[in-house]
Every structure is written in C-alpha cells, then in structure tokens.
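Here is how names work: the chains are called A, B, and so on, in the same order as the sequence lines, proteins then strands, and each is numbered from 1.
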Amino acid sequence: MTPADRFISIRNVSKSFGAFRAIDEISMDIRQGEFFSLLGASGCGKTTLLRMLAGFESPTTGEIFIDDQPMSDVPPHHRPVNMVFQSYAIFPHLNVRDNIAYGLRKQKLTPARRAEMVEDMLDLIKLPGYGNRKANELSGGQRQRIALARALILRPKVLLLDEPLGALDKQLREQMQLELRALQRQVGITFVFVTHDQEEALTLSDRIAVMSGGRVLQVDTPAALYEAPRTREVASFIGTMNFFRGIVRRNGSGMAAIEAEGLGTIPMPTARLTKPEGAPVQIGLRPEKFSLSPVRPDIGLAVEGRLRTAAYMGERSQYYLSLPGKAEPVAVSAPNTHRQRDAQDVPEGQVLWLSWAPEAIVILDTD
Amino acid sequence: MAETSLPKRRTADGPPRASGSAFLRLLRRSESARAYLMMSPTLLIMTLGIVVPFGILLVISLWTRAGFGFDTTLTLANYARSWNEPIYGTLMLRSFWISGVATAVTVLLCYPMAYYVAFHVHRNKMMWIILMTLPFWTSYLLRVFAWKVILGYEGVINSGLMSAGLIEAPLSFLLYSPTAVIITLAHAWAAFAILPLYVSLEKIDRSLLEAATDLGDGPVARFFRVTLPLSMPGVIAASFLIFIPTTGDYITPALLGGPDGAMIGNLIQLQFGAVNNWPMGATLSIVLMLWIAALALVFLVVTRKVQERIT
C-alpha cells in the first residue's frame with residue numbers, strides 16, 4: 001500500500017460508553033482524495049467513528065492516523081480535519097461572512113486577503129452577495145452550503161460530513177448530492193461522509209464502509225457492494241435482495257451446482273463456489289435480475305411462479321411471486337419501457353415464468 | 001367596526017342579544033381582542049398599581065413643602081434643587097457606583113456557577129438550581145442581619161482573624177462601609193443572576209461549541225467568541241435585574257452602610273419619613289428612575305458594541 005492509500009488509517013479502534021460498545025475493533029484505511037462514506041442504520045457507530053476522526057471522542061483502544069500522524073494526543077482544534085455538522089451549527093450571532101471566516105483567525109491574514117477568500121468561497125458554493133445575511137435569514141440548503149464553505153476555506157486534509165443532507169427535502173437533497181460530488185472533485189479534499197441513506201451513499205461515494213453494531217461489514221465500491229455483497233446483512237441493507245437457502249449438490253472438475261429452494265438446480269463454475277458438496281449455502285438474487293414472461297423462455301434458467309401482488313412505481317413495476325417450495329414471496333422488478341397508458345395490469349394469481357442468468361446469483365457468506 | 005353592520009342573529013327564545021353576541025364575535029375574529037382579554041387582569045393591576053401611583057408621584061414632585069403641608073402650586077423648584085445641591089448628585093452617583101460594582105461582582109461570581117450547572121452537570125440540574133437559590137428562601141432582612149454578624153466589629157471574620165493572631169485590632173472597613181453594602185448586595189441578589197445566566201447558557205446549542213473547536217478555537221477563544229456572545233442576553237437580563245432594584249435599595253445601606261455607605265434610597269426614605277418632604281422625595285424618585293433608564297440604555301448600546309468587537 002502506498003501512503004496515499006492509507007491517508008486515514010484506523011487501527012483496531014474500539015470505543016465503549018460504559019458497558020455499551022459503540023465501536024468494536026475497527027480497522028480500515030481511507031485513501032487520499034476519495035469520497036468515502038460510512039453507511040449504516042442509526043446506532044451502528046458511524047457517527048461515533050466520525051466524531052473520533054474529528055477528535056470529539058477518543059478511542060478506548062486503538063489508534064487513528066491521519067497522514068501518518070497519530071491523532072490520540074491531538075485535540076480537535078489542532079487536527080487537520082474540519083466538520084460539517086448535521087445541524088450545520090451556523091453561528092447565529094454572526095453573519096454569513098463572519099461564519100465563513102470564523103476559522104481564519106489563527107492565520108495572520110490582511111483584512112483584504114480574508115475578504116477575498118470569503119468571496120471566493122461564496123462563489124464556490126454559489127451564494128455570491130450573501131455575505132451580510134444573518135444565519136436566521138437562510139434556508140436549509142443555504143445553511144448547509146455555508147457550513148461547507150466554513151470548513152473548506154481552511155483547506156483541511158479531511159472534510160468530515162455528518163449526514164449533511166438529512167434535513168433537506170428530497171429534491172434539494174438530490175441537487176445538493178450532485179453539487180457535493182462536483183465540489184469534492186473540484187477541491188480534491190478527502191471527504192468522509194456519514195449517512196443512513198443507501199441511495200445517497202451509492203450516488204456519492206468512491207467507496208463505502210457498511211457498518212452495523214459497531215463493526216464494519218464490508219468496504220467496497222458502490223457497484224461491488226450492490227452486485228457482490230458478502231453477507232446477507234450487507235445485501236439487505238443496500239437495495240432489495242431475494243434470499244434463497246440452498247445446498248451444494250456437486251463441486252469438482254470445474255463444474256458445481258447448487259440446489260436452491262424454489263429455483264431448482266443452478267449450475268456454475270467451481271471457481272465461484274468454495275464450499276464442498278453437501279454444504280448449506282445462502283444465495284441472493286436482486287429483483288431486477290429476473291425476467292418475467294408469460295411463456296417459458298427458450299434459453300436460461302427458469303421456474304414457474306404465481307403472481308401475488310403487483311405495484312406500479314412509475315419507471316418500473318414491482319411484482320411479488322410465490323414459488324413452489326419457498327415460503328416468502330420473491331420480489332421481481334421490471335422496467336416499464338414499453339408500457340402504455342391503457343396497459344392492463346397482470347391479474348393476481350396469474351402464472352408467470354421467471355428466468356435469470358446464473359452469473360446474477362450472489363453467493364453469500366453463511367455465519 | 002364591521003360587526004355592527006352585520007344582520008343581528010336572532011335566537012329562538014327572545015330578542016337579539018346585540019351587545020353580547022357582538023362582543024363574542026369580536027373575540028372570535030380578532031386575535032388582538034383575545035390577547036387584550038387575556039392580559040386584562042394584569043393590565044388592570046398595572047394601571048392601578050403603577051401608572052396611577054406614578055401619576056400621583058409626578059404631581060407631588062411638582063408641589064413644594066409648606067410647613068407641615070404642601071404648597072400645591074406646580075413648580076420645577078424641586079428638580080432644580082436636586083440638580084443644584086451637591087448632596088443629591090453625590091448620593092445618586094454613589095448609589096450607581098455601589099450597585100454597579102455589586103452588579104458586576106454578582107454577575108462575575110454567578111457566571112461560573114451557572115456555567116458549571118449548564119455544561120458540566122448532567123443529572124438533576126433542577127436540584128442544583130434549587131440548591132443555589134436555597135439561601136433566598138429566608139427573608140432579605142435576615143440575610144442582611146446575618147452579614148452584619150459576619151462582618152461586624154466583633155463578628156465572625158474579625159474575631160476569627162484575631163484569634164488566629166493575624167490582626168491586632170478588628171478591621172473597621174468591613175462593616176458600615178460601601179464594601180459591606182457591596183458584599184451583602186452581591187450575596188442577596190445572586191439568585192437573580194444565576195437563573196437568567198443559567199437559562200441563556202443552557203439554551204446554547206452544543207454543536208456550536210463543537211463547531212468553534214473544530215474550526216480551531218481553543219477553550220478560551222471559544223468562550224469569548226461563542227459562549228459569551230450567545231449568553232449575553234442572560235448577562236444583560238441579570239445585570240438589569242440586579243442593578244435596577246439595588247440602586248434604590250435602602251435596607252442594606254441603612255443597616256450596613258454607615259455614613260459612607262448611604263445611598264439615594266436612604267435619602268428618599270428620609271424625605272418621606274423624618275424630613276416629611278414628600279415633594280422632594282417624589283422628585284428624587286423620578287430623577288432616579290430617569291437616570292436608571294438612561295444608564296440601562298447606555299448599557300445596552302455598549303454591550304451590543306462590545307459584542308460586535310469580540311466576534
């Protein structure tokens with residue numbers, strides 16, 4: 001690993017609050033200049049980890065390095081990181097200009113230089129001319145940008161963002177996601193972004209750490225997390241996943257096969273399957289990896305299912321089908337590419353054929 | 001009012017109840033009418049208890065004393081006297097000085113206490129606040145007397161220091177001096193400082209303090225740039241709550257002040273009592289009020305300016 005690969009290095013870090021173990025032996029590295037997200041449900045420890053990077057909490061055991069410097073003895077106001085708070089924490093007694101310039105006090109700048117830097121920042125966050133506004137005259141999206149500018153003006157090595165888009169409405173949030181992504185590319189600063197919104201994490205990040213119960217389940221690129229989640233927990237946290245229990249029927253001489261509930265026997269190359277014959281496996285298949293048709297398709301693997309419910313969702317429809325030998329219904333997502341205004345819904349109880357490619361099967365670690 | 005032109009609603013069992021229903025309709029429609037109704041008991045008491053007496057005071061201040069009675073010709077003679085005779089100005093200035101110092105001392109001493117409870121106590125905050133106000137459950141007079149016992153010529157401090165061999169003779173500046181008045185006032189009014197200070201500190205969003213730290217402020221810089229400015233409403237409220245009543249206080253200076261510690265309140269009390277010059281007493285009361293109003297205004301402007309400077 002090059003030093004840039006472990007720009008932030010978290011080594012065996014644990015954090016306990018009394019008897020509660022908020023962070024449980026986490027080790028991972030964050031690369032220089034990447035947009036890295038900590039993704040997890042509330043209480044998974046992602047905010048605690050972020051606060052430890054900022055210095056507001058200190059690890060009970062373990063060490064955090066930023067740019068090769070151990071951080072345990074560095075107080076928060078001396079760390080090369082800045083934070084965008086969930087509530088934005090805009091100082092209510094200061095105007096926008098003074099909020100943005102707040103952290104410049106220690107740098108001995110001429111007033112002209114300082115004003116110039118603030119104006120540059122206001123341009124960067126697309127709020128030129130807002131310098132004299134008071135904090136209470138700003139909308140949520142504007143406050144969020146001010147908080148961003150206030151941190152970025154100090155050119156930190158790492159910018160920490162604690163669910164900064166959580167308080168915004170959906171449309172504004174999507175717009176800010178794009179802007180945030182562009183901004184990060186522009187300034188080239190390493191972003192560590194905390195969110196519980198998997199879609200947001202997928203859209204924004206170079207890499208994501210999925211967290212649960214104080215542990216990191218998987219660190220990967222968005223595509224790898226979605227297409228090849230390692231465990232059932234990761235698979236169900238990111239997107240929707242159909243799970244099937246199965247048994248390895250054959251494994252050797254280059255070919256393997258899994259017999260899965262409801263799906264029958266699925267052949268696959270040995271390289272994908274490490275388990276021996278007779279071992280139980282858990283496999284997953286995303287709803288959009290299925291194809292639905294009224295008749296048996298000519299090629300590929302297919303089973304018959306009975307439609308339980310269908311939901312029209314605009315650009316796609318979600319169908320739930322019951323398969324023989326499987327208790328829970330299987331979710332199938334189909335794009336409405338050719339659907340027209342007067343199209344009839346498929347009636348419930350209709351028998352449909354489900355087909356899929358064996359490569360779409362995800363083999364999950366069983367605990 | 002538009003209501004009067006509306007057709008009157010008839011009830012089945014009688015003639016229209018014009019006045020009652022119009023009043024109720026007014027209440028239903030007008031937010032401010034409801035507000036005034038809610039305030040009306042207070043407004044009544046305020047009118048009877050403050051506006052009317054103040055009017056009387058104003059009128060009396062324009063009279064003059066004539067023998068044992070009053071000459072009711074309206075004149076500004078008393079105001080001229082209060083301006084020209086140095087005794088009034090001196091006492092007025094001393095009152096402002098003493099209660100100004102007492103206010104400053106009280107706020108400075110109470111700020112750390114309120115700060116501690118607001119930021120470092122996490123459980124039973126209310127109990128701490130109640131404990132801090134516990135001394136104020138006894139009467140003001142008793143507390144003043146208690147200080148007399150402590151500061152007195154043969155009081156706790158003097159006899160303690162003497163028996164420890166630290167001083168030969170009792171310290172005379174302790175009692176019957178402005179110092180005694182300041183100490184007693186600072187203690188007696190502490191609760192009035194702690195409560196507003198606590199409320200304003202408690203209200204501060206903790207993430208603002210973390211943001212200041214994150215942006216590079218050490219604890220001291222953070223205090224002066226964020227905590228203090230944001231708690232200024234509490235500081236101002238506490239200062240007013242102490243400065244205004246203590247300026248006119250006469251119990252403490254009468255009991256502990258001695259000749260050098262007398263304040264304007266004592267003089268006003270004398271005018272209404274022994275001297276029997278009500279017009280002069282009324283004049284001094286009004287002049288005091290005007291001065292306090294002016295000082296409060298200056299104080300507000302100065303704190304605002306200072307606040308702009310430190311941030």
Listed by number, the residues in residues 66-77 of chain A that come under 4.5 Å of chain B (heavy atom to heavy atom) are A:Pro76, A:His77

Sorted by chain and number, sequence neighbours left out, salt bridge (charged side-chain N to carboxylate O under 4.0 Å, His left out) with A:Lys108 holds for none

Under 4.5 Å to a heavy atom of chain A? For B:Leu230 that would be side chain

Can any side-chain N or O of B:Ser95 pair as donor or acceptor with the backbone N or O of B:Ile264 at less than 3.5 Å? yes

If you tally heavy-atom pairs under 4.5 Å between each of A:Ala151, A:Ala54, A:Pro92, A:Ala147 and chain B, the highest tally belongs to A:Pro92

#### Entry: Whether over 12 other heavy atoms sit under 6.0 Å from B:Tyr250 OH
no

Is it the case that over 12 heavy atoms from other parts of the model lie below 6.0 angstrom from the CE atom of B:Met46? no

So, the part of B:Asp217 with a heavy atom under 4.5 Å from chain A: the answer is both

Could A:Glu57 and A:Arg51 be called an ion pair, given the rule that one side-chain N must be under 4.0 Å from one carboxylate O? yes

Distance col, row A:Leu204:CG vs A:Phe35:CZ, nearest 0.5 angstrom, shows 4.5 Å

ask   = Is the closest basic N to carboxylate O distance between A:Glu116 and A:Arg113 below 4.0 Å?
value = yes

When the 4.5 angstrom heavy-atom criterion is applied to A:Leu160 and chain B, the contacting part is neither

